[in-house]
Every structure is written in C-alpha cells, then in structure tokens.
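In this chain, numbering begins with 1 at the start of the sequence shown. Reckoned from all heavy atoms, side chains included, excluding hydrogens, waters and symmetry mates.
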Amino acid sequence: MTGEYDVHGGAHGLEADMDDMDATGGAIRDTGTEVVGVAAASHRFLVDGNLLASAVLSPGTFASFEAEMVAALDGPSALSAHGVKMTAAGFFMQAQAKAYLVVDRAMEIADDVGDWAQGYTVPLQLAWRLSPAGLPGTVLDLAELADEGLFTNPEQWLVEHPDQLEELVASSPGFVALLGTLAPPWAQPLIGFPLDVEQASSTLAGLYSQELESLTALETYQSESPSDIQGALQRLDDVAAHEDQFQIEEVDGVYNVYLPGTKAFDAPGLESGLVQNMGTNFAAVAGDDNAYQQAVLEALADVPPGAEINFIGHSQGGIVAARLAEAIANGETDVQGRVNAVLTAGSPVDHIELPEEVRMVSLVNEYDIVPRLDGEAYGDKSNHSTIVFEQQNGGTTPNHGLAEVYVTEAGDIVGSDDAAVVDALGGLGDFGGGGDSTVTTFQMERG
C-alpha cells in the first residue's frame, strides 16, 4: 500500500524501476568508457617531446615522473582500472535489469499456462474431488464456502472474493478449449481452441452483430471542460444516462472523448439491438472490430493532425477507450490526432498494452468484479497506473456504479498527497484545464 491507495505500475512500478536501473547502468557504463578513453589519451604525455628532452638535464626526476604517471594510468588502482570496472559494473547493472524483466515475464507466462491447464483439466479435477481420496477435502471446502455464505448469498460472497472470479475467467479459455475437443466435428470450428481470454472472447464476439448502421450528431453546445479526473468522470456520468450515446469535447485544440459503459446484458440470438451490449464487451476485450469503435473513429475523422486526444471511459467504455488509443497510436486508423492519455474507471484493461507514449490511469474498486473480467492481475507497466481503493457496498452493481463509486472516489484521489497517486495523475494532463469548450453528443445505431 502507498498511503490510502494501492498503486500498481506507472512511475513506481517494476517496469519503471527496471527502466531506471537500465538507464543508470548505461550512464555508469558510458562514464567508465570515457574514463578509459581519458586514460588512454593521457599516455601521450609519457612520450611528450619536451619531457623527453628534460631527461638529459634531470634523469632522476624524469624517471620518477614516468613511474608515477604509469602507476596513475595503468596500475591496479589506476585510472584505466577504475574505468574498466565502471564499464563492467554498468553492463552488469543493465544485464540485471533485463534479467529481472525476463524472469517477471516468464512468471506471467507460467501463471497463464497454469490457469489454462486448470480449465482444461476440469474433468480430472472433478474425478479427484469425488474420489475416496479427495472427497474428505471436498466436503471440508464446501463447508467452508457455506460458512462464507456462497450458497445463501452468492452475490455478497462474490463481491467479497473478486479474486475467485478473476481466477475463473483466467481458466475459462482452457475450459472452452476442452469443450471444443469434446464437441462433434461440425461444432469444433465454431468453438475453436482458445489459448487466452482474448481468443475466447473473440469466439463469443462472433456470435453477435458488430456492424454500425448510423451515427448522428444530436446536439452541440458550449460548456466548460473538466480540470481533473473527478470533473472528467462527472461529464462521463452525464452522458451515461442515455443509451448508445457518447460525447466529444473540444477545448483549445484538445479533444476529450467520453465513452459510457454497457447498457444491455443480452445473449446471442436475443440481442437488444443496442451498440453498448455484451457483444461489444466481448469484441473489445478480444481486440476485434465493433460498432462502438467504428462510431468513435467516424466521429474523430475531422480531428486536426497532431491534436491531443484523451479518452475517458467507464466499464465497457474503458475497454473501448483503450482499444481506440491502441489503434490510433499504432497508426491503424485514419485519425490524425495524437493520443495523450486514457482514463478508465471499473474497466478490465490490464491485458491491453498501449504504446509507451500513451499514458493510461485506471481507477479500480477492489470489490468491483468488472475489472477482473479479463482474468489478469494488476499490471506493472511504466505507462499504465492502476489506483486501487476499497469501497464495499454489498453488491455487484453498487460496487461498480460510476456516480456512486468512481466519481465520488475520484474527488478523494485528486486530493491525495500519495506520491504514487500524484505521479500517476500528472501523466494524464488537465483535460483542457477548465477552459471554454464545445461539446457534441453522438447517437449510435446498430445495423
């Protein structure tokens, strides 16, 4: 914990620490190389013409000077030796930094493989649980879960144990792959053999319509831009009151894009017709094209080259925001603007890696299950800070509310003197700094 908040990644994360270690090692290495160069260049004084001529007049003094000069340049504690040691130390420090990152990545991969295997081996685990050897432990575990209230109030149990949902989601690709293996041949191509949550989500996204029928600019009005994350989330909450709408605000050449979350929790074949539905959730998690992203890209088509763009999203809107930032920053769209930052609230975005020049700050309520739905632990990327707080309101919806949870908490976060929080927020900018702005509301319709 850093003060009242648990901050992951950003300037105080492992990746940033290793970047600093690598940079420090590089500086030491370069300095050592320069010292070796100075020592080598200084050897010319040993054969200086004037010095050699003086040897005839004072042989003893000449010999003494030569000996001391050689010792200063080439002895065991001399300048050359120090330079070589500094160069070696710099190389070693850089190697250590890279090794730490490799080991950290290897551990992440091992965890992913373990999660996948857990899902794929469900039948074997059930067989063991019900066997004579495993049954006593199963009974004890069920009794413990009963004491915790899983069977009497499952929603309350879930919001008190969100890490269990994260593990379940992380293991789901293995389970889906198992279903594909056991399915009849005609169904196997439909199910596939997903190796991670993104691939499993892509399979589900394919069961929904992802086409945009139309985009309409409903109204344009004058306003005042936010100057901090609380103001930005409050603006987002205002547009979130309406289905399939989002807003773009322009203030002094800065464009703030406000993307609300899911409005319909529908199933394949029983779709609501809304853009902000479950199909978009699956597509955005997978990184697949979807109507929501199509609409925002169309709305941003006239942004001037190089203009700053900031994305602000809650829940589904945060996933879409991160995916849009990723696509624009990587030059995969026709949008000419430059993505500066992404602010998400209650969004599962830990699996999305943005280019280094884009800053992302994620606000997460520890008891909100929605940010766990990508099956990923909080990341440690230097350009992505996750600010975690605790607000237990006793239910999945109360713990996830934009106005009730995230707007309110954002005010306290802005006022925090926690160094990690201050550094994280500093990377976002000020969203226009409270200047006069022009806001356009867009209405989406699905094809």
Side-chain angles (χ1 to χ4, degrees), residues 5 7-13 15-16 19 223-239 246-259 296 299-300 303-314 317-318 320-330 333 335-345 347 349 352-364 379 381-387 402 406-407 409-440:
Y5 298 104
V7 181
H8 300 261
H12 296 255
E15 186 175 279
D19 287 344
S223 184
E224 183 177 292
S225 74
S227 58
D228 57 35
I229 62 169
Q230 185 178 37
L233 292 180
Q234 183 59 63
R235 171 64 56 78
L236 177 61
D237 185 56
D238 293 340
V239 69
F246 66 91
Q247 288 185 339
I248 296 180
E249 174 182 48
E250 189 274 325
V251 49
D252 295 331
V254 174
Y255 291 80
N256 299 323
V257 184
Y258 300 92
L259 305 176
V296 178
L300 290 173
V303 170
E308 178 182 311
I309 301 174
N310 299 304
F311 289 102
I312 302 98
H314 170 244
V320 172
R323 288 302 188 187
L324 285 166
E326 178 184 40
I328 294 172
N330 286 330
T333 76
V335 175
Q336 299 299 304
R338 172 186 60 83
V339 180
N340 171 64
V342 178
L343 171 64
T344 72
S347 303
V349 293
I352 301 175
E353 293 195 21
L354 298 181
E356 186 63 32
E357 67 270 16
V358 179
R359 293 291 178 265
M360 180 157 63
V361 172
S362 299
L363 309 187
V364 173
K381 307 176 194 73
S382 59
N383 64 333
H384 181 192
S385 299
T386 303
I387 303 174
L402 176 54
Y406 288 99
V407 173
E409 190 66 35
D412 293 335
I413 292 173
V414 168
S416 174
D417 59 0
D418 183 315
V421 171
V422 172
D423 287 344
L425 299 185
L428 287 177
D430 61 5
F431 303 103
D436 293 336
S437 65
T438 301
V439 180
T440 302

Evaluation steps, side chain to side chain contact (heavy atoms under 4.5 Å, CB included), between Leu259 and Leu324: CA-CA 11 Å; Leu259 305 176; Leu324 285 166; 4.0 Å; yes
Quick one: which of Asn340, Leu343, Ile309, Val251 gives a side chain to side chain contact (heavy atoms under 4.5 Å, CB included) with Asn256? Val251
Tested for side chain to side chain contact (heavy atoms under 4.5 Å, CB included) against His384, the lone hit among Val342, Leu354, Val361, Val349 is Val349
Specify the closest pair of heavy atoms between Ile352 and Met360, including all atoms of both residues, with the distance to one decimal. O-CE, 4.2 Å
Go through the steps to decide whether Leu428 and Asn310 satisfy the test side chain to side chain contact (heavy atoms under 4.5 Å, CB included), and finish with yes or no. CA-CA 8 Å; Leu428 287 177; Asn310 299 304; over 6 Å; no
With sequence neighbours excluded, residues passing ring-ring contact (aromatic ring centres under 6.0 Å, His included) with Tyr258: none
Is any side-chain heavy atom of Tyr406 less than 4.5 Å from a side-chain heavy atom of Leu236? no
Shortest non-hydrogen separation from Ala410 to Leu233 and the atoms involved: CB-CD1, 4.0 Å
Quick check: does any side chain N or O of Glu250 sit under 3.5 Å from a backbone N or O of Gly253, one acting as donor and the other as acceptor? yes
Is it true that a side-chain atom of Asn383 and a backbone atom of Pro355 form a donor plus acceptor pair closer than 3.5 Å? yes
Quick check: does any side chain N or O of Ser225 sit under 3.5 Å from a backbone N or O of Gly434, one acting as donor and the other as acceptor? yes
Counting only heavy atoms not in Asp412, do more than 12 fall under 6.0 Å of its CG? yes
Ser347 and Gly318: which non-hydrogen atoms are nearest, and at how many Å? OG-CA, 3.3 Å
Heavy-atom pair with the smallest gap, counting every atom of Ser382 and Glu356: OG-OE2, 3.0 Å
Taking the side chain as C-beta and beyond, is there a heavy-atom pair between Tyr255 and Val335 under 4.5 Å? no
Taking it one step at a time, do Val358 and Phe311 satisfy side chain to side chain contact (heavy atoms under 4.5 Å, CB included)? CA-CA 11 Å; Val358 179; Phe311 289 102; over 6 Å; no
When you check the side-chain N and O atoms of Ser362 and Thr344, is any donor under 3.5 Å from an acceptor? yes
Step-by-step side chain to side chain contact (heavy atoms under 4.5 Å, CB included) determination, Phe246 to Val320: CA-CA 12 Å; Phe246 66 91; Val320 172; over 6 Å; no
Residue from Thr438, Val254, Ile312, Val439 passing side chain to side chain contact (heavy atoms under 4.5 Å, CB included) with Glu249: Val439
Atom pair OG1/CG of Thr333 and Leu300 - distance to nearest 0.5 Å: 8.5 Å
Does any part of the side chain of Ile229, heavy atoms only, come nearer than 4.5 Å to the side chain of Leu363, both counted from C-beta? yes
Considering non-hydrogen atoms only, spot the tightest contact between Arg235 and Gln247 and give its length. CD-OE1, 3.4 Å
List the atom of Pro226, the atom of Ala232, and the distance in Å for their closest heavy-atom pair. CB-N, 3.4 Å
